[in-house]
Amino acid sequence: MANFSKPSVPRFSVDVYQNEYLPEGGREVNAIVTVTSTGGGTLAGATAAPRPAGPDAGAAVALMVDCSGSMDYPPTKMRNARDATAAAVDTLRDGVHFAVIGGTHVAKEVYPGGGRLAVADAVTREQAKQALRRLSAGGGTAIGTWLRLADRLLSSADVAIRHGILLTDGRNEHESPEDLKAALDACAGRFTCDARGVGTDWEVKEVTSIASALLGSADIVADPAGLAADFTRMMENAMGKEVADVALRVWTPVGTTIRFVKQVAPTVEELTGRRTEAGPRAGDYPTGSWGDESRDYHVCVEVPAAGLGQEMLAARVSLVVPQPDGSAQNLGAQGLVRAVWTDDMTASTSINPQVAHYTGQAELAQAIQEGLDLRKAGDIDGATAKLGRAVQLAGASGNADTAKLLAKVVDVVDAATGTVRLKAKVAEADEMTLETRSTKTVRVKK
């Protein structure tokens, strides 16, 4: 067997973009914090360096495949799901622990079974693919049971990275929303999970809530034929992760209040309510697992009023990995958010371009979601106004992908003013794609 060395651990950096100047009496400070990880995993589609086989391979993956009765309509759906999962198994690095779960109204171990994980190599990958060929559709859907089984299996491995991939084609009809929420609460922080809806008979908010709670991605695969390519991309991305459970630690001085912390790129994700206290005046916000990548966060703090000419440190942002004993490993990168009071009106009223861009992107995501909800509720005027505003924001921010998705739901009369008409007929897949991808953002040009 080849003796591969482990790739180096990524190096993290933090950059802060803000207008630090406030007018007399000004109290709100906004900053975009860019976190970049380089030197490990994957970057721009490059393949991660091979890892050694064996128990120190560092990652475990659970593949959860919907096997409910609806997966047989049409029969190609189940076949495509089997093929996609097989493609994902082929993408597993040697030495990675893995399991395949069949999900119905109960969760069943498809491979390897016995409450354990397999270790990926040529033999186990082939055995897993043989087991997949025996999968058939039948039964209901209770996604919480799939997640709990995945958690039990993943937690049995002494690894840093634990990741799930979940595929469903239907609504979670065989357990209550409270049961699913309880499962997500139990699994949050224990593993990350990417969720995919195949076809158009599933509930967007269910799938996106799973990905959001477990700090993964969500998407639609309207045509089951696209599953294999999507599963391969997801697995390649999972194989590129090198550091798990990274938290954004935000320290603020006495008298300063955090208004919100949210991820704004590559997707909008509210983190404010996920804060865990980390000592005097500091809190940790979870960001999940990292490979070679860059993400942007919007931090908004309220500072005490101060006189002209005064300045203060409004917040200090660093990156940590919480340890089992309650301590935290600092990843050695930090950024400072400042406040300076001035009577220079030009300085204090200018909006930082990064802050303006991401404020618009967050509003865009909200306008799409509210517009689609109003459309479903039959409020034509309200839906038209919200989706028109979304078209305007997408155009202004250069979010071409979202603009194209919006154009499948509304007829755009004038993008600059947000003048639109709702289309009389909209393909269900187009509406679901817009809703699922509404939180995807474009990076600001720095």
How many angstroms lie between [atom1] in [X] and [atom2] in [Y], if you round to the nearest 0.5 Å?
X      : Y      : atom1 : atom2 : answer
Thr208 : Asp219 : OG1   : CG    : 11.0 Å
Arg125 : Thr91  : CZ    : OG1   : 9.0 Å
Thr276 : Arg249 : OG1   : CZ    : 8.0 Å
Asp121 : Glu126 : CG    : CD    : 11.5 Å
His105 : His174 : NE2   : NE2   : 7.5 Å
Arg295 : Thr287 : CZ    : OG1   : 5.5 Å

In terms of side-chain heavy atoms, does [X] have a donor or acceptor partner in [Y] at a distance below 3.5 Å?
X      : Y      : answer
Thr168 : Asp66  : yes
Ser397 : Gln361 : yes
Gln263 : Thr267 : yes
Thr141 : Glu173 : no

Nearest atoms (heavy-atom pairs only) where [X] meets [Y]:
X      : Y      : answer
Ala211 : Ser217 : CB-O, 3.4 Å
His298 : Thr359 : CE1-OG1, 3.8 Å
Ala142 : Glu175 : C-OE2, 3.5 Å
Ser155 : Arg162 : CA-NE, 3.8 Å
His163 : Phe191 : N-CB, 4.3 Å

Determine, for [X] against [Y], whether the closest basic-nitrogen to carboxylate-oxygen distance falls under 4.0 angstrom.
X      : Y      : value
Glu269 : Arg274 : yes
Glu435 : Lys205 : yes
Arg233 : Asp194 : no
Lys386 : Asp373 : no
Lys77  : Asp169 : yes
Glu293 : Lys241 : yes
Arg196 : Asp230 : yes
Arg259 : Glu28  : yes
Arg375 : Glu431 : yes
Asp296 : Arg443 : yes

Heavy-atom neighbours of [X] [atom1] exceed 12 at 6.0 Å:
X      : atom1 : answer
Ile351 : CD1   : no
Gln127 : CD    : yes
Phe260 : CZ    : yes
Lys376 : NZ    : yes

Margin query: Given Val301, which partner from the list Asn30, Ile258, Thr257 fulfils the side chain to side chain contact (heavy atoms under 4.5 Å, CB included) test?
Written below: Ile258
Note to self: Under 6.0 Å between ring centres: does that hold for Tyr285 and Tyr297?
What the structure shows: no
Within the 4.5 Å heavy-atom criterion, are [X] and [Y] side-chain neighbours or not?
X      : Y      : result
Val14  : Gln334 : no
Arg190 : Asp151 : yes
Leu364 : Thr402 : yes
Ile101 : Lys108 : no
Thr85  : Leu227 : no
Val35  : Ser294 : no
Leu271 : Lys262 : no
Thr38  : Phe12  : no

Next item on the list: Mind running salt bridge (charged side-chain N to carboxylate O under 4.0 Å, His left out) on Glu206 and Arg171 for me, showing each step along the way?
Entry: CA-CA 8 Å; Glu206 280 179 355; Arg171 293 171 176 83; over 6 Å; no
Checklist line | Steps toward side chain to side chain contact (heavy atoms under 4.5 Å, CB included) verdict (Leu92, Val61) | finding: CA-CA 9 Å; Leu92 286 163; Val61 180; 4.3 Å; yes
Check: Under 3.5 Å, is there a donor-acceptor pair between the side chain of Thr124 and the main chain of Val119?
Finding: yes
Next item on the list: Could you walk me through whether Asp83 and Lys129 pass the salt bridge (charged side-chain N to carboxylate O under 4.0 Å, His left out) test, one step at a time?
Entry: CA-CA 9 Å; Asp83 291 348; Lys129 289 188 286 185; over 6 Å; no
Next item on the list: Go through the steps to decide whether Val317 and Val16 satisfy the test side chain to side chain contact (heavy atoms under 4.5 Å, CB included), and finish with yes or no.
Entry: CA-CA 9 Å; Val317 180; Val16 175; 5.7 Å; no
Next item on the list: Please test Asn172 against Trp202 for side chain to side chain contact (heavy atoms under 4.5 Å, CB included), starting from the C-alpha separation and ending with a verdict.
Entry: CA-CA 8 Å; Asn172 199 42; Trp202 49 281; over 6 Å; no
